[in-house]
Amino acid sequence: MKLSRYIILSLLVGASALVLSAQQNHLSGIQVPEKHVIKKKGRTAEVKMNLDLTAMPDMKSNLLMVVTPVIQSNTSGEQVALRPFVLAGNKRYRIVDRRVSLNKKHPFNNPETKPAAVVNRRNGKAQNLDYATTTPYHPWMRNSSLILMAENTGCAECPMGHEETSLTDDALVPLYEANYQYNIMVPEGELVKVREESLSAHLAYQVGKYEVLPNFDGNPAELQRIDSKLKELRSNSDITFEKLSMVGYASPEGGVDYNLQLSKNRANSFSSYLIGKYPILKGRFESDWKGQDWDGLKAAVAKSNLPNRDAILRIIDEKSVEERPSALQALDGGTTYATLLASFYPPLRRSELTFHIVVKGFELDKAREIIKTHPTRLSLAEVYAVAQSYPEGSAERYETWTIAEAAFPQAIEPTANAAIIDMRAGRYAEALRRLEARKSEQKLWTLLGLAYAYNEKWTEAEKYLSYAAQHGMPGAEHNLNELRLYMQDNL
């Protein structure tokens, strides 16, 4: 709350006006041996301090000082006034003592305005005052000062100005800081790096036909892509080509049996064409066919903005494969079906080729090049070596793991290590985004719990760290204890 330094004095001694004076600052002589004088206990701030009055300048016998300790934020205007105490010269102390004794309605007898202490200041002598009070705790008190404000009056309660001094600019006993432990994951190496690299070929066929026509429609460009891929693999001394496998698909229009047979014929025709053109494929080629690709259509529609998207998806989910074509044709008089035929079906008529290769191990310099062009040809152990070759906190180290995260979507190490770097850099929301996407992975629960903690989502943090601890995940028990200690002291 905002503090008015005049309120307390008005309540206690009834002063009606203040006159600032250039008198000596008595408060500047007050000292406290403790740096931290406030301790948080639950939702309460306990203020305890031993005020050493010994070095205060001499107080005149008629001077009375109403001193208000104030907790004040170091970064904002927030402050809280605490219960005041009174310092008085000899004569004034006797007057106040007598008035308080004789007048039960005196402000000093009111529990609401009674000062913490009324002290007869003994000039030139050692003197201490133990002060203690409580006030509600506010988070801004983590970075706060404790200051003293005094309103001074003379023998006839005439205003004699105000004084102010700072006792400490670090008032709160430091709250518990969690010491979380998490380290970069070191992936295991691979004895043999077996890899698969895919290519989707969209060959055009005459309607109802299955013969491969190299110069028909867009086929030259598609066949050139396959040719370039085979040449690249065969000419690369780092790679041993093992085999090529292919799966043929058809779009969903027409009968189920018809499309299955058509995809089979086209797969066999394409196989014969490739083996004839590339003798290296003889004995290294496998082919299969799947017929109508309803799964591919469903995935494409789900990503689209088609007006009838939800209706299409319901038909695919709820109707049999025999019922789906007519149900789709019945939507809005055939407009949606025409769109599907023109834009969604053609990409489904394709052959998925998978090149099976074995990749040799790479030295560090070569691995640093490969990570940028063909990251999947590295092992995760090689990715780790590349990442560690860059300085801690560097953009290159972070980029290495983000590339690996996309290249190895099933592996947990790239996601874990990218998230760890995010947390160390203070990118807590980004770390949480990464880990939340894989919250079903037990091995990531410890990091997920920490990401929730850093994002101040305490319930989720405790839940996932508890899960991790229950499943014996390394470091989970320690981090859970640290979280609870932090929450107990800070929240």
Side-chain angles (χ1 to χ4, degrees), residues 196 198-226 229 243-278 281 285-356:
E196 296 178 355
S198 299
L199 185 152
S200 184
H202 296 270
L203 289 189
Y205 296 89
Q206 292 178 327
V207 177
K209 304 294 183 180
Y210 52 83
E211 181 184 359
V212 175
L213 301 176
N215 297 313
F216 180 67
D217 201 11
N219 288 351
E222 291 298 291
L223 294 172
Q224 179 59 44
R225 291 171 59 234
I226 298 172
K229 184 65 177 180
K243 67 177 181 179
L244 175 63
S245 59
M246 182 183 70
V247 179
Y249 295 88
S251 54
E253 78 273 25
V256 175
D257 294 338
Y258 170 80
N259 275 305
L260 182 61
Q261 185 63 44
L262 183 61
S263 67
K264 175 182 177 181
N265 291 339
R266 286 177 175 175
N268 289 335
S269 175
F270 195 20
S271 300
S272 298
Y273 172 84
L274 290 175
I275 293 172
K277 184 174 182 180
Y278 305 102
L281 295 179
F285 194 95
E286 298 175 355
S287 63
D288 193 8
W289 49 90
K290 298 295 184 182
Q292 296 177 336
D293 187 13
W294 286 105
D295 289 339
L297 177 62
K298 180 179 178 180
V301 171
K303 295 178 182 177
S304 74
N305 294 316
L306 284 172
N308 283 324
R309 181 184 64 183
D310 294 341
I312 297 170
L313 294 176
R314 280 197 300 273
I315 289 172
I316 295 173
D317 287 336
E318 299 173 5
K319 301 286 185 182
S320 68
V321 291
E322 291 81 11
E323 296 174 316
R324 292 171 189 171
S326 59
L328 291 174
Q329 293 172 31
L331 289 173
D332 59 21
T335 301
T336 294
Y337 190 69
T339 301
L340 294 176
L341 283 175
S343 302
F344 286 78
Y345 282 12
L348 302 177
R349 305 165 193 145
R350 71 198 189 283
S351 296
E352 293 289 348
L353 293 96
T354 302
F355 300 85
H356 302 261

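Only this structure's heavy atoms are used, side chains among them; waters, hydrogens and symmetry mates stay out.
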Donor-acceptor contact below 3.5 Å, side chain Asn219 vs main chain Ala204 = yes
message = Whether the side chain of Gln292 engages the backbone of Pro252 through a donor-acceptor N/O pair (distance < 3.5 Å, no angle test) should be reported.
response = yes
inquiry  = Enumerate the salt bridge (Lys or Arg N to Asp or Glu O under 4.0 Å) contacts for residues 299-311, please, sequence neighbours excluded, ordered by first and then second residue.
reply    = none
ask   = Is the backbone of Lys209 close enough, under 3.5 Å, to the side chain of Arg266 for a donor and an acceptor to pair up by distance?
value = yes
note = Rounded to the nearest 0.5 angstrom, the OG-CE distance for Ser198 and Met246 is 13.5 Å
query = Between atom CH2 of Trp289 and atom CD of Gln261, what is the distance when rounded to the nearest 0.5 Å?
reply = 8.5 Å
key: Heavy-atom closest pair, residues Leu353 and Ala201   = CD1-CB, 3.7 Å
query = Going through the distances and angles, do Leu340 and Leu306 end up as a side chain to side chain contact (heavy atoms under 4.5 Å, CB included)?
reply = CA-CA 10 Å; Leu340 294 176; Leu306 284 172; 4.1 Å; yes
Minimum side-chain heavy-atom gap Phe270-Ser287 below 4.5 Å = no
request  = Please list all pairs passing the salt bridge (Lys or Arg N to Asp or Glu O under 4.0 Å) test where one or both residues lie in residues 319-346, with sequence neighbours left out.
outcome  = none
task = Name all pairs fulfilling the salt bridge (Lys or Arg N to Asp or Glu O under 4.0 Å) condition that reach into residues 249-258, sequence neighbours left out, sorted by first residue then second.
result = Glu253-Arg349
key: Distance (rounded to the nearest 0.5 Å) between Leu341 CG and Gln329 CD   = 8.0 Å
message = Side chains of Tyr205 and Leu262, heavy atoms from C-beta outward: is any pair under 4.5 Å?
response = no
message = Take a 6.0 Å sphere around NZ of Lys229 and say whether it holds more than 12 heavy atoms from other residues, nucleotides or ligands.
response = yes
query = Taking atom types as modelled and ignoring hydrogens, do the side chains of His202 and Ser200 form a donor-acceptor contact shorter than 3.5 angstrom?
reply = yes
ask   = Once you round to the nearest 0.5 Å, how far does OG of Ser271 lie from CG of Leu281?
value = 9.5 Å
message = Once rounded to the nearest 0.5 Å, what's the spacing between atom CG of Leu274 and atom OG of Ser351?
response = 8.5 Å
ask   = Side-chain contact, heavy-atom cut-off 4.5 Å: Leu328 with Thr336?
value = no
query = Got Leu297 and Phe344 here, is their nearest side-chain heavy-atom distance under 4.5 Å?
reply = yes
inquiry  = Under a 3.5 Å distance rule, please check whether Ser269 uses its side chain to pair with a backbone N or O of Tyr210 as donor and acceptor.
reply    = yes
ask   = Where is the tightest heavy-atom contact between Asp288 and Ala267, given as atom of each residue plus distance?
value = O-CB, 3.8 Å
ask   = For Leu348, does its backbone N or O pair with a side-chain atom of Arg350 as donor and acceptor, under 3.5 Å?
value = yes
query = If every non-hydrogen atom of Glu352 is compared with every non-hydrogen atom of Tyr249, which pair is closest and at what distance?
reply = CG-CE1, 3.7 Å
key: Nearest heavy atoms of Pro220 and Asn215, plus distance in Å   = CG-CA, 4.0 Å
query = In Å, rounded to the nearest 0.5 Å, how long is the span from OH of Tyr337 to CD1 of Ile312?
reply = 11.5 Å
ask   = Do Leu203 and Leu223 have side chains that get closer than 4.5 Å, going by heavy atoms?
value = yes
